[in-house]
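Below is one structure, written out as structure tokens, with a few remarks after it.
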Amino acid sequence: MIKINSNYSKLKASYLFSTIAKKVSEYQKNNPDKKIIKMGIGDVTLPLPPACVAAFSSAVEEMGKADTFRGYGPEQGYEFLRKAIADNDFKARGMDIEPDEIFVSDGAKSDSANIQELFAEDVRVAIQDPVYPVYLDTNVMAGRSGEPADGRYDNITYLPCVPQNNFLPDIPAETVDLIYLCYPNNPTGAVADKTYLKKWVDYARENKSIIIFDAAYEAFITDENIPHSIYEIEGAKEVAIEIRSFSKTAGFTGTRCAYTVVPKECIIKDENKTEYSLNAMWFRRQSTKFNGVSYPVQRAAEAVYSEEGKKQVKENIAYYLENARILREALEGLGYECTGGKNSPYIWINTGKDSWEFFDMLLDKAQIVCTPGSGFGKAGEGFVRFSAFNSRENVIEAADRLKRLLG
Ligand code: MLT
């Protein structure tokens with residue numbers, strides 16, 4: 001008789017954003033005349049930058065002609081895109097990342113979910129709490145979590161991100177092997193400076209650990225002293241894998257394109273001193289399980305780095321950051337303690353109430369959808385997250401509704 005992967009029964013019944021979507025659609029069904037403003041999942045609202053659309057369409061045209069048609073592409077991504085990424089996102093900022101260290105994929109979600117496959121089942125995983133649920137759930141599925149108890153798992157090391165530590169958790173007392181860090185942080189919107197990240201890089205070098213650094217929101221950084229990449233920290237290439245995405249940067253949530261950097265210096269030695277290259281392993285993994293991102297999508301992503309593309313992306317980011325400012329000001333005006341909304345599209349507020357109760361109250365009384373903090377982890381209880389990915393009109397309307405309801 002076939003047996004299931006019993007680790008699945010340790011998961012929460014449904015993925016956070018699916019639970020929210022279900023609640024919202026039920027509310028809409030029962031209240032068809034109400035206009036709901038969705039500030040829950042961080043999904044972009046502005047269309048693709050025109051430079052990306054032009055590149056996308058002309059690549060589709062190429063696919064329709066016999067002499068320019070392309071079949072399977074390289075699993076790691078086309079060289080033209082990997083070179084544009086290396087040159088613009090890294091070399092231009094003084095980091096030595098080569099195209100063969102970049103792996104183009106269909107999303108930061110899948111990369112951050114799949115990367116754990118490179119490590120043994122018994123590695124100790126450290127995750128921030130609250131956290132983007134994918135890092136945790138995929139380690140549960142892989143059998144690393146131990147049993148669930150009181151909203152947490154026995155074998156996971158939680159790094160609480162709370163106001164008391166400015167959402168920059170300390171290095172834990174126990175030794176951890178695989179460390180997930182996300183800055184600008186999802187969900188709290190907090191940012192990390194170089195001094196903070198250096199502590200982790202030094203720790204990882206000393207303890208032979210690996211950091212998975214999720215930098216999906218780096219484009220929202222406006223402060224000059226905040227690092228955009230973990231590789232701005234000396235020695236990080238030996239111990240860190242970085243995940244980035246075109247989703248939030250250039251509006252690719254529905255188009256799908258991201259990339260992961262696995263430096264060649266990331267070498268793991270086993271007890272017999274045999275060396276394993278994570279770059280070679282990830283290449284092996286991707287070429288076995290993935291056939292690459294479509295050619296037109298990669299051309300569209302390449303256009304992000306053209307002169308017009310850069311300008312258009314910057315305008316879109318500025319638009320969302322202005323939304324975030326409006327929302328944050330409204331919430332602060334109402335007396336809420338807020339994080340994020342600067343260098344981040346997310347605003348994290350301390351509601352002083354149960355997260356789901358606050359969520360239900362906002363949906364019911366103001367038809368605004370937020371994300372309950374407890375859905376991201378135990379340390380998120382009492383908080384909710386607002387996403388600034390919306391139209392200006394909706395953000396202004398939401399700010400007014402919040403003032404009326406909570407003022
Ligand atoms: C979020 O709202 O946290 C993100 O949109 C989720 C994601 O990027 O998958």
Side-chain angles (χ1 to χ4, degrees), residues 11-12 14-24 36-46 48 105-116 127-139 141 161 167 180-191 212-220 242-260 293 301 316-317 320-321 323-324 327 339-341 343-349 355-356 359 362-363 368-377 379-380 383-390 394-395 398:
L11 292 166
K12 282 201 190 128
S14 131
Y15 183 64
L16 173 62
F17 294 107
S18 320
T19 311
I20 295 172
K22 201 163 157 241
K23 270 186 173 255
V24 173
I36 300 176
I37 302 181
K38 294 182 183 163
M39 298 182 146
I41 192 163
D43 194 3
V44 290
T45 53
L46 291 171
L48 289 178
S105 75
D106 67 340
K109 182 180 193 171
S110 26
D111 284 355
S112 62
N114 295 330
I115 200 79
Q116 48 77 29
I127 57 147
Q128 298 178 290
D129 177 11
V131 75
Y132 178 46
V134 175
Y135 321 143
L136 177 63
D137 285 1
T138 53
N139 276 291
M141 291 169 178
C161 296
F167 305 95
Y180 290 80
L181 296 177
C182 173
Y183 287 104
N185 186 254
N186 181 14
T188 67
V191 286
I212 308 297
F213 191 72
D214 184 345
Y217 299 94
E218 64 74 36
F220 294 85
E242 182 163 299
I243 299 173
R244 292 221 191 166
S245 172
F246 294 99
S247 282
K248 317 292 157 117
T249 311
F252 274 55
T253 51
T255 306
R256 310 307 306 150
C257 198
Y259 68 88
T260 285
V293 175
N316 288 3
I317 300 281
Y320 293 129
L321 283 174
N323 283 351
L327 258 181
T339 321
N343 303 303
S344 164
Y346 296 131
I347 301 150
W348 183 247
I349 76 157
S355 297
W356 278 106
F359 169 91
L362 268 198
L363 179 59
I368 293 175
V369 180
C370 60
T371 309
S374 58
F376 294 104
F383 292 80
V384 297
R385 189 193 77 175
F386 288 92
S387 152
F389 293 115
N390 216 311
N394 278 352
V395 167

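Index from 1, following the sequence. Counting convention: from 1, in listed order, for ligands and their atoms alike.
T339 and T188 share no side-chain donor-acceptor pair at under 3.5 Å. Judged by distance alone, the side chains of Q128 and Y183 do bring a donor and an acceptor atom under 3.5 Å apart.
F376 and W348 have perpendicular rings, their planes meeting at more than 60° on a 0 to 90° scale where under 30° would count as parallel.
Per-residue contacts place Y346 under 4.0 angstrom from the following atoms of ligand 1 (heavy atoms of the residue considered): 1 (C), 2 (O), 3 (O), 4 (C), 5 (O). Numbered from 1 in the order shown, with element, the atoms of ligand 1 that lie under 4.0 Å from a heavy atom of I41 read 2 (O), 5 (O). The ligand atoms of ligand 1 that sit less than 4.0 angstrom from a heavy atom of R385 are 1 (C), 2 (O), 3 (O).
Of all the heavy atoms in T45 and F389, the pair that sits closest is CG2-O, 3.6 Å. Listed here is the closest heavy atom pair of L16 and T371: CD2-CG2, 3.9 Å. Looking at every heavy atom in both residues, A219 comes nearest to I317 through O-CG2, 3.4 Å.
Protein heavy atom at the shortest distance from atom 7 (C) of ligand 1 is Y132 OH, 3.3 Å. Nearest protein heavy-atom contact of atom 8 (O) of ligand 1 is K248 NZ, 2.9 Å.
On a distance-only criterion, N186 and ligand 1 share at least one N/O pair closer than 3.5 Å. Between G42 and ligand 1, at least one pair of N/O atoms sits closer than 3.5 Å.
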